[in-house]
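Encoded as structure tokens, the structure appears first; notes follow it.
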Amino acid sequence: MLHIPIIRQNKKEIIELLKIRNFDASKLIDTLLEQDDSRKETQKELDELLAKSNQLSRKIGELYKRGEVEKANQQKTTSAEIKVQTKSLQDQYAALEKEITANLVQIPNVPHPSVPKGNTDADNKTIKEVGDVPTLIDGAKPHWELTTDYNLIDFGLGNKITGAGFPVYKDKGARLQRALINYFLDKNLAAGYTEYLPPHLVNEASGFGTGQLPDKEGQMYHITEDNLYLIPTAEVPVTNFFRDVIVKDFPIKCTAYTPCFRREAGSYGKDVRGLNRLHQFDKVEIVQIQHPEKSYDTLNEMVKHVSSILDELELPYKVLQLCGGDLGFTSALTYDFEVYSAGQDKWLEVSSVSNFESYQANRLKLRYKDEDGKTKLCHSLNGSALALPRIFAALLENNQNESGIKIPKVLQKYTGFDTIE
RNA sequence: GGAGAGAUGGCAGAGUGGUCGAAUGCGGUGGUCUUGAAAACCAUUGUGCAGCAAUGUACCGGGGGUUCGAAUCCCUCUCUCUCCGCCA
């Protein structure tokens, strides 16, 4: 969520920028600032009253010590009166704070000025396109046929033991999957990221910290018995490492492989065909915590890094800057990576790299100390490097020929084979 | 799963219901000394909110209660540790 002092300082600019997302914040912000004003006033009154009460208590203590019991008892009556007043002021204060937070969480992050206006993904801006769309052999197939033909994935078996959206990888399919995970992690390590293997279940506080809770509750699998949630992305456990932390050295660079679990309620049709949309999938994530002045340099660095992976995999891809309407709620600027998957003639999103500026950090209480020793909010960023299933699909579809499926060179030392026959 | 113990500042660890935001040690920062370093000595060192500031206020795992007054007493939740059982 946004930080109130920053809203106060840059009110006009923020309202203008939020229009890029087609979000009219003017009324909400006015209400918010009014509520914050009365919160301050209430606190002032309350503090004064509490000060009075504290003084009185100290006085009563002294009177008792001196044995002046009667005088002390008189003062007690006054103290009791003050207590009634403080109680009602405290309630008032708590109510105001609650309203303020409730309003605050309704305001999405302020888009970076460079974010293009727009409503849907059709308005996203193509930053660059790399690689040529491959010409396929006659009778080229989509991956959901190739995975069966070459015995790489058994969707039916997944249905049997769990349900739709839970594929079972097998033989060279399983090995290719493992190769991709290792390759991605090694690439990230070489770029200076530290590897983590976090829990796949998180508590409620973590869900709130990165913004999945309370609003997007239905998108996560919830284990009610223990009140834990299956992670929808490694972003949740990893970013929450830094909840309530005061950072000493920038940047912090983390990478983690985890399975990701998503309920995807309401998805259906051909978008969910094969590997295109799953309830469980593998992903290698990168997360950075950075000084506010450097976060956009870092964002560019992350985009370059993801690009270099796709270059090595020899997949045609494009980088898009998301328009206001397509931008995630908590992001200030997002670049999406889409890979061309020839067998189904489709561009598939395989990575989303975002700068959240201080939006997540404010929820997480993730801070650093500036030169004057004042605590300030850090910037947080993350991206996929990369999401596996769609890469898997594109590799099969683009590299198919009469004799089998070719494995890109860079992966061969990880797979231990160069073709799937 | 059964029995017990505990949760205090970056860490370790005191704390009789009143001057406790909290002893002490370690660590951190600044300084003295030194050619430099170490050692020693001196000083300083939590966070939020309000305020230009002085300062005020809140916070001793979370929530509630008793009391004029709670780190300290009571209730409750969560978590951690030890022992026993089970187990990869």
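Computed over heavy atoms, backbone and side chain alike; hydrogens, waters and symmetry mates excluded. So you know, we letter chains A, B, ... as the sequences are listed, proteins then strands, and number each from 1.
Close to rU67(B), at under 4.0 Å from its OP1 or OP2, lies no side-chain N or O of K76(A). Close to rU47(B), at under 4.0 Å from its OP1 or OP2, lies no side-chain N or O of T375(A). For N54(A), no side-chain nitrogen or oxygen approaches OP1 or OP2 of rU19(B) to under 4.0 Å. For the pair R39(A) and rC49(B), the criterion of a side-chain N or O lying under 4.0 Å from OP1 or OP2 is not met. Residue R367(A) places at least one side-chain N or O closer than 4.0 Å to OP1 or OP2 of rG48(B).
Rounded to whole Å, the separation between the P atoms of rC42(B) and rU80(B) comes to 42 Å. A distance of about 42 Å separates the P atoms of rC83(B) and rU45(B), rounded to the whole Å. Here the separation of rA23(B) from rG46(B), taken at their P atoms, is 11 Å to the nearest Å.
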#### Entry: Intermediate values then yes/no, side-chain hydrogen bond (donor to acceptor under 3.5 Å, both in side chains), S206(A) and N203(A)
CA-CA 6 Å; S206(A) 298; N203(A) 58 26; 3.0 Å; yes
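Within the shown strands, nothing qualifies as a pairing partner of rC60(B) under the Watson-Crick or G-U definition with both distances less than 3.5 Å.
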Could you tabulate the donor-acceptor pairs under 3.5 Å formed by side-chain atoms of residues 413-421 of chain A, not counting sequence neighbours?
| from | atom 1 | to | atom 2 | distance (Å) |
| --- | --- | --- | --- | --- |
| Y414(A) | OH | D186(A) | OD2 | 2.7 |
| T415(A) | OG1 | L411(A) | O | 3.3 |
| T415(A) | OG1 | Q412(A) | O | 3.3 |
| T415(A) | OG1 | F417(A) | N | 3.3 |
| T415(A) | OG1 | F417(A) | O | 2.7 |
| T419(A) | OG1 | E421(A) | OE2 | 3.4 |

Pairs under 3.5 angstrom only: tabulate donor-acceptor contacts from the side chains of residues 45-62 of chain A to other protein residues two or more places apart or in another chain.
| from | atom 1 | to | atom 2 | distance (Å) |
| --- | --- | --- | --- | --- |
| D47(A) | OD2 | Q43(A) | NE2 | 3.4 |
| N54(A) | ND2 | L50(A) | O | 3.4 |
| S57(A) | OG | S53(A) | O | 3.2 |

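One can find a donor-acceptor pair under 3.5 Å joining the base of rC49(B) and the side-chain atoms of Q43(A).
Across all strands shown, S57(A) has heavy atoms under 4.0 Å from base atoms, whether or not it also approaches the sugar-phosphate. Residue contacts for A51(A): at a heavy-atom cut-off of 4.0 Å it reaches the sugar-phosphate backbone alone, with no base atom in range. K44(A) comes within 4.0 angstrom of no nucleic acid atom, judged by non-hydrogen atoms across all strands. At the heavy-atom level, N73(A) lies nowhere under 4.0 Å from the strands shown.
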